[in-house]
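Working notes for the structure below.
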Amino acid sequence: MKLLTLSKLESFIRPYIVSLPPHFVISQYSRARIKLIKKLNEDEIPEEIFHPPIEYHRKLWGLTFRSPIMNAAGMFKNCEWYEHSYRQGAGAYLGGTSTINWRIGNNGQGILQPFVPYPKSNCASNFLGLPNDGDFINSNRLEKIIKYENFPVGWSLSASSDLHAFDWLKLFTSSLKMYEKAGVDFIEINESCPNISQNKEYNSLEYRLKFIKENFLDQITRNLPVIVKFSNDTQKEQIPFLMDLLFKLGYDGVNFGNTSTNYLEIRKKIHHAERKLFDYFTKTFGGGVSGKVLKAKSLEICSSAVEYLNHGKPSQEFHVIRTGGIESLDDIKESEKAGISLNQCFTGYWENFSKYGHNVYRQFFRS
Ligand SMILES: Cc1cc2nc3c(=O)[nH]c(=O)nc-3n(C[C@H](O)[C@H](O)[C@H](O)COP(=O)(O)O)c2cc1C
């Protein structure tokens with residue numbers, strides 16, 4: 001069955017399935033999600049190519065993004081759907097998050113890569129734990145598939161929590177070099193995955209970012225913007241510290257952000273019919289929450305970052321990127337009003353895909 005047919009069918013029955021016993025729902029969805037991801041590259045390539053109108057093109061760091069909307073990290077962890085993304089009219093393509101080593105992802109209560117949607121609330125929970133094929137395989141794959149001009153390719157990387165005992169920061173910089181060699185146009189450092197034990201207990205954020213600057217940023221001899229992705233749970237009060245750190249160390253942008261673990265606040269926005277499932281998931285696995293519940297927070301935190309940037313720009317070109325709850329042209333307009341340069345979407349993308357199929361980006365500019 002075609003992915004689109006499957007997706008439409010699934011979105012139709014989804015509101016009924018999620019009222020079944022939570023453990024059953026989560027195990028079915030987690031299994032189905034893994035199967036679906038495996039099918040991505042077998043899916044037939046859309047015949048039509050949608051080129052976003054020229055007025056939506058955005059020039060950032062000397063790169064032409066075809067529009068201010070693209071996929072968020074985690075959708076194409078192993079280089080899936082480059083061609084599909086181009087044909088659908090994505091502003092750019094972002095692969096990963098990957099790690100130096102192959103990872104199977106988290107297993108909890110006998111469920112591999114726990115995931116569940118909350119369709120009435122337009123959001124989802126995941127406790128995937130960065131499953132991916134590893135940086136050797138992915139950087140090699142990527143090098144072979146990049147082919148379009150003016151369709152920037154980014155890659156998201158994270159240090160691997162499996163390698164605490166090793167010189168993991170050195171390994172991380174060797175991963176960065178692999179993607180530089182593979183020809184990526186920009187890099188996103190994932191400093192915010194809630195589903196792995198980060199190496200934070202070893203060194204501070206400042207130490208990590210400084211190490212990467214000295215061992216990677218300072219050695220790059222071509223245009224290769226590097227941005228850092230933080231959580232949507234970042235507090236406004238943390239903005240000056242984070243921005244000053246990125247400015248000082250020569251990073252090129254910031255992304256707010258990743259999924260939330262602020263379950264108490266988020267729960268208030270979950271549809272009452274889905275609270276039992278939400279409570280079960282967050283109590284059993286924890287995980288990060290994505291989707292509409294992040295819309296206001298991602299706008300608020302990114303607007304604060306832009307305000308801070310406008311009060312004193314660094315010498316390098318620096319951009320604020322918004323991720324969280326993006327699903328329509330109105331969201332992009334809100335971002336543009338606030339001075340946000342680029343938007344990424346994940347949960348809203350798949351929601352829209354089930355309605356519009358490969359017109360998923362085209363519909364942004366119709367609504
Ligand atoms: C199933 C799933 C897997 C994800 N994997 C990653 C990942 O590998 N790296 C990352 O930076 N963010 C990951 N995210 C977070 C998204 O990139 C995004 O920041 C978050 O979902 C908020 O955007 P949304 O509201 O549009 O979904 C993942 C999200 C989901 C739902």
Side-chain angles (χ1 to χ4, degrees), residues 26 29-34 36-37 40 69-80 90 93-99 103 105-106 111-119 121-135 138 154-161 186-196 198 227-234 254-262 266 269 281 285-299 301-302 321-328 331-332 335 342-353 360 364:
I26 297 163
Y29 262 104
S30 306
R31 212 171 323 142
R33 200 200 64 84
I34 293 172
L36 197 109
I37 297 298
L40 281 179
I69 178 77
M70 58 181 289
N71 73 279
M75 276 166 64
F76 310 129
K77 290 174 189 285
N78 297 306
C79 301
E80 302 89 345
Y93 173 87
L94 180 61
T97 300
S98 63
T99 52
R103 284 174 61 90
N106 292 330
I111 299 177
L112 183 62
Q113 300 174 22
F115 168 85
V116 82
Y118 310 113
S121 319
N122 292 92
C123 58
S125 273
N126 89 83
F127 183 56
L128 264 51
L130 299 184
N132 75 93
D133 291 343
D135 291 325
N138 274 325
W155 197 267
S156 161
L157 296 94
S158 171
S160 180
S161 56
F186 67 100
I187 279 177
E188 183 172 283
I189 296 177
N190 181 358
E191 269 288 340
S192 44
C193 178
N195 300 329
I196 58 164
Q198 294 269 9
I227 62 175
V228 182
K229 185 178 183 186
F230 295 114
S231 170
N232 264 307
D233 292 336
T234 304
V254 68
N255 182 347
F256 296 103
N258 218 315
T259 50
S260 172
T261 56
N262 192 352
I266 283 184
K269 297 181 189 161
F281 195 101
F285 308 105
V289 189
S290 60
K292 201 172 196 147
V293 288
L294 302 182
K295 192 192 291 262
K297 187 65 206 291
S298 65
L299 181 62
I301 201 82
C302 286
I321 296 163
R322 178 183 173 201
T323 311
I326 308 286
E327 55 187 352
S328 70
D331 298 325
I332 297 173
S335 293
L342 210 57
N343 303 272
Q344 298 178 351
C345 67
F346 192 127
T347 308
Y349 174 94
W350 290 116
E351 190 66 36
N352 284 331
F353 181 75
V360 59
F364 267 102

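In listed order, ligands and their atoms are each counted from 1. Fair warning: this is a prediction, and the values are worked out from it, not measured in the lab.
Remark: ligand 1 and Thr97 share an N or O pair separated by less than 3.5 Å (distance only, no angle test). Residue Gly257 has at least one nitrogen or oxygen atom sitting less than 3.5 Å from a nitrogen or oxygen atom of ligand 1, judged on distance alone.
Contact atoms of ligand 1 toward Leu130: 8 (O) (distance under 4.0 Å to a heavy atom of the residue). The contact set between ligand 1 and Asn190, taken as ligand atoms under 4.0 Å from a residue heavy atom, comprises 9 (N), 10 (C), 11 (O). Counting atoms of ligand 1 from 1 in the listed order, those under 4.0 Å from a heavy atom of Cys345 are 26 (O). Shown in contact with Leu294 at under 4.0 Å from a heavy atom are these atoms of ligand 1, numbered in order with element: 22 (C). Short contacts between ligand 1 and Thr347, defined as distances under 4.0 Å to a heavy atom of the residue, involve ligand atoms 24 (P), 26 (O), 27 (O). Within the listing of ligand 1, atoms 15 (C), 20 (C), 21 (O) sit less than 4.0 angstrom from a heavy atom of Thr259. Heavy-atom contacts of Gly291 reach the following atoms of ligand 1: 24 (P), 25 (O), 27 (O) (cutoff under 4.0 Å). Which parts of ligand 1 touch Gly325 is read off a 4.0 Å heavy-atom cut-off, strictly below it: atoms 24 (P), 25 (O), 26 (O).
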Practice task
Assess whether side-chain hydrogen bond (donor to acceptor under 3.5 Å, both in side chains) is satisfied between Asn138 and Ser98, documenting all intermediate values.
Solution key: CA-CA 8 Å; Asn138 274 325; Ser98 63; 4.6 Å; no

Exercise for the section: Determine, stepwise, if the pair Phe346 / Thr259 fulfils side-chain contact (heavy atoms from CB on, under 4.5 Å). Expected result: CA-CA 10 Å; Phe346 192 127; Thr259 50; over 6 Å; no

Exercise for the section: Dump the intermediate steps for side-chain contact (heavy atoms from CB on, under 4.5 Å) on Phe230 and Ile301, then the final yes or no. Expected result: CA-CA 11 Å; Phe230 295 114; Ile301 201 82; over 6 Å; no

Problem - Residues Glu188, Gln344; criterion side-chain contact (heavy atoms from CB on, under 4.5 Å); working and verdict - result: CA-CA 12 Å; Glu188 183 172 283; Gln344 298 178 351; 3.2 Å; yes

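Taking each of Phe346, Trp350, Phe256 in turn, the one with a heavy atom nearest to atom 26 (O) of ligand 1 proves to be Phe346. Closest heavy-atom approach to atom 10 (C) of ligand 1 within the set Glu188, Arg33, Glu191, Lys229: this belongs to Lys229. Across the listed options Val116, Asn258, Thr323, Asn258 owns the non-hydrogen atom lying nearest to atom 15 (C) of ligand 1.
Closest approach of Ser30 and Leu112 over heavy atoms only: CB-O, 3.6 Å. Nearest heavy atom pair, residue Tyr349 against residue Met75, reads CD2-CE, 3.3 Å.
Glu351 has its side chain out of reach of Glu327: every pair of non-hydrogen atoms, C-beta onward, lies at least 4.5 Å apart. Counting heavy atoms from C-beta outward, Leu40 and Phe76 have side chains that approach closer than 4.5 Å. Counting only heavy atoms from C-beta outward, the side chains of Asn132 and Asn78 approach each other to under 4.5 Å.
Proximity of Lys77 to ligand 1, defined as any heavy-atom pair under 4.0 Å, is confined to the side chain (atoms from C-beta onward). By the criterion of a heavy-atom distance under 4.0 Å, the side chain of Leu128, and not its backbone, is placed next to ligand 1.
A donor-acceptor pair under 3.5 Å is formed between the side chain of Asn232 and the backbone N or O of Asn258.
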